[in-house]
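For this chain, numbers begin at 1 and follow the sequence in order. The basis for the numbers below is simple: all heavy atoms, side chains too, and nothing from hydrogens, waters or symmetry mates. The structure presented is a predicted model; accordingly, all values stated were derived computationally and were not measured.
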Amino acid sequence: MSAAEGPLVVGVDTSTQSTKALVVDAATGQVVASGQAPHTVSSGAGRESDPRQWWDALCEALRQCGDAAHEAAAVSIGGQQHGLVTLDERGEPVRPALLWNDVRSAPQAGRLVEELGGPKAWAERTGSVPGASFTVTKWAWLAEHEPEAVRATRAVRLPHDYLTERLTGQGTTDRGDASGTGWWASGTEAYDEETLAHVGLDPALLPRVVRPGEVAGTVRDSHDLPFSKGTLVAPGTGDNAAAALGLGLRPGTPVLSLGTSGTVYAVSRRRPTDPTGTVAGFADARGDWLPLACTLNCTLAVDRVADLVGLDREAVESGGSVTLLPYLDGERTPNLPHASGVLHGLRHDTTAGQLLQAAYDGAVHALLGALDLVLDEDADRDAPLLLIGGGARGAAWQQTVRRLSGRPVQVPEARELVALGAAAQAAGLLTGEDPAAVARRWNTAAGPVLEAVERDRTTLDRITGVLSDAAPLLKRGTDTE
């Protein structure tokens, strides 16, 4: 390990299934130490995690970083969005956190949209039409199904807020993550009193929204992390906003992220207000906006299909006419929270590899269908798609995105972009720079560009047709609760 040129910073990515920590040289962007530890997610009807596992995982990840973490001058937490963390008067979780991919609140989402003016009114007020992923719907579900938990709650936090508060002792969040709650108004950049009153949530229970570039606090005495007392703590942000920082995104550059969920997004200077609900009008972590579309089923769903047919995830085969809509966890884009997977066009000569390729095609189809809605008129629609996330280095994912998009694809060599974005935010506290400019100085988006190939419109049209024909079945789904 070479000596660092500048001060060290720590960037954290607390995701659905694990927490990762990077110690980064603020001058060069070099990763000088790293650590990772898992946490668990419940199975069954809901998706829940104990927030205390996130803290334990953070401690373990930082322990793996060794002395370098202790030398850090600033730290920032990037985290999975939307999760509902309820804390009691001692700051302990009232119950496990309801995660972004817990879709039990779909009925509450529908009622909230209807009761507060319809989709257009929601989009104008909050920037988004809330679906089952949004925090406000989870609070409404909790109030309906577990009123005793609501009565015991003295603080409401998002996942990244929870970890930041355990570092500083202060309840804070940022505009990027707050914009995914459904109770933060993008037009006024403040908590929306009408929404909060409607769902019975006292605004005093919510964290203070820290502005971009502001110090959220300092590491306090009473903790068991290898940070020095007084280490600066940045606002942190949601995972997608952190990845945008990590890439140093300029407005209009499209990103397609392949993880447990799939996302397409771009930085915009215009506040998004999509009344269809396809595009979430999130804020970014800098002061601009991050219009984003998200699917629930991406790499995990495709890997599950690979397991079912007994193939390696790369063992795809072309040809055939089989179509697979891999909505194994319901779906958010399109908005089908109770849907299950649909297989159509199976023949005697269909191979396992063709079935696996159909799973890739179905997952990418939904993301590309939303891409044009995400990009505004300033976007360069011929620019390479930045392909990131756990699936980005898989050849089958790369070729599927190229074939169905018809666009060149750039795969950044930098890994752990959420944690790198958090590190850039922490570095910005020390240098006074825009965190995205820090990441550009680190050259995090550099990577090979794969040339465009002819767009496979036949496959796209076939999937669109099956999706349309199966709409009644998908809306009915398999919900038996």
Handout entry: Residue pair Thr16, Trp100: steps toward the side-chain hydrogen bond (donor to acceptor under 3.5 Å, both in side chains) verdict
Key = CA-CA 9 Å; Thr16 313; Trp100 61 273; 2.9 Å; yes

Check: [Y] and [X] side chains under 4.5 Å, non-hydrogen atoms:
X	Y	result
Arg402	Leu385	no
Arg104	Leu98	yes
Arg286	Gln425	no
Ser34	Gln64	no
Thr459	Leu404	yes
Tyr162	Ile77	no
Thr173	Arg157	no
Val302	Pro326	no

Practice task
Name the orientation class of the two ring planes belonging to Phe134 and Phe282 (parallel below 30°, tilted from 30 to 60°, perpendicular beyond 60°).
Solution key: tilted

Exercise for the section: Report the relative orientation of the aromatic rings in Trp397 and Tyr360; use parallel for angles under 30°, tilted for 30 to 60°, perpendicular for over 60°. Expected result: perpendicular

What is the distance from atom [atom1] of [X] to atom [atom2] of [Y], rounded to the nearest 0.5 Å?
X	Y	atom1	atom2	result
Leu167	Leu232	CG	CG	12.0 Å
Thr237	Leu158	OG1	CG	10.0 Å
Thr278	Arg332	OG1	CZ	10.5 Å
Leu87	Glu165	CG	CD	6.5 Å
Gln410	Ile388	CD	CD1	12.0 Å
Thr195	Trp122	OG1	CH2	4.5 Å

Practice task
Show your reasoning for whether side chain to side chain contact (heavy atoms under 4.5 Å, CB included) applies to Leu249 and Val255.
Solution key: CA-CA 9 Å; Leu249 277 193; Val255 177; 3.6 Å; yes

For the [atom1] atom on [X], are there more than 12 heavy atoms of other groups (residues, nucleotides or ligands in this structure) within a distance under 6.0 Å?
X	atom1	result
Arg47	CZ	yes
Arg269	CZ	no
Arg250	CZ	no
Asp67	CG	no
Arg415	CZ	no
Arg270	CZ	yes

Practice task
Apply side chain to side chain contact (heavy atoms under 4.5 Å, CB included) to Arg175 and Asp284, showing your working.
Solution key: CA-CA 7 Å; Arg175 68 192 295 270; Asp284 77 351; 3.2 Å; yes

Grab the two heavy atoms, one from [X] and one from [Y], that are nearest each other, plus how far apart they are.
X	Y	result
Leu420	Ala414	CD1-CB, 3.9 Å
Leu368	Ser405	CD1-N, 3.6 Å
Ala242	Gly78	CB-CA, 4.5 Å
Pro207	Tyr191	O-OH, 2.6 Å
Thr40	Gln53	N-OE1, 2.8 Å
Ala37	Ala57	CB-O, 3.6 Å

Is it the case that the side chain of [X] and the backbone of [Y] share a donor-acceptor pair, with hydrogens and angles ignored and the cut-off at 3.5 Å?
X	Y	answer
Asp192	Ala185	no
Thr126	Ser128	yes
Arg393	Gln398	no
Gln36	Lys20	no
Asp25	Gln30	no
Thr19	Leu58	no
His82	Gly180	yes
Arg271	Glu124	yes
His39	Asp56	no

Taking atom types as modelled, find out whether [X] and [Y] have a side-chain donor-acceptor pair closer than 3.5 angstrom.
X	Y	value
Gln81	Thr135	no
Ser179	Trp289	no
Asp13	Ser15	no
Thr333	Thr295	no

Problem - Trace of the side-chain hydrogen bond (donor to acceptor under 3.5 Å, both in side chains) decision for Ser49 with Gln17 - result: CA-CA 9 Å; Ser49 288; Gln17 300 180 64; over 6 Å; no

Exercise for the section: Apply side chain to side chain contact (heavy atoms under 4.5 Å, CB included) to the pair Val103 and Asp329, showing each step before the final yes or no. Expected result: CA-CA 8 Å; Val103 297; Asp329 284 322; over 6 Å; no

Exercise for the section: Please determine if Arg440 forms a cation-pi arrangement with Trp442, meaning its NZ or CZ atom is less than 6.0 Å from the six-membered ring centre and no more than 45° off the ring axis. Expected result: no

Practice task
Using the side chain to side chain contact (heavy atoms under 4.5 Å, CB included) rule, take Leu460 and Arg455 through it: C-alpha gap first, then chi angles, then the decisive distance, then the call.
Solution key: CA-CA 9 Å; Leu460 290 169; Arg455 195 171 195 187; 3.5 Å; yes

Handout entry: Salt-bridge contact Glu48-Lys138 (side-chain N to carboxylate O under 4.0 Å)
Key = no

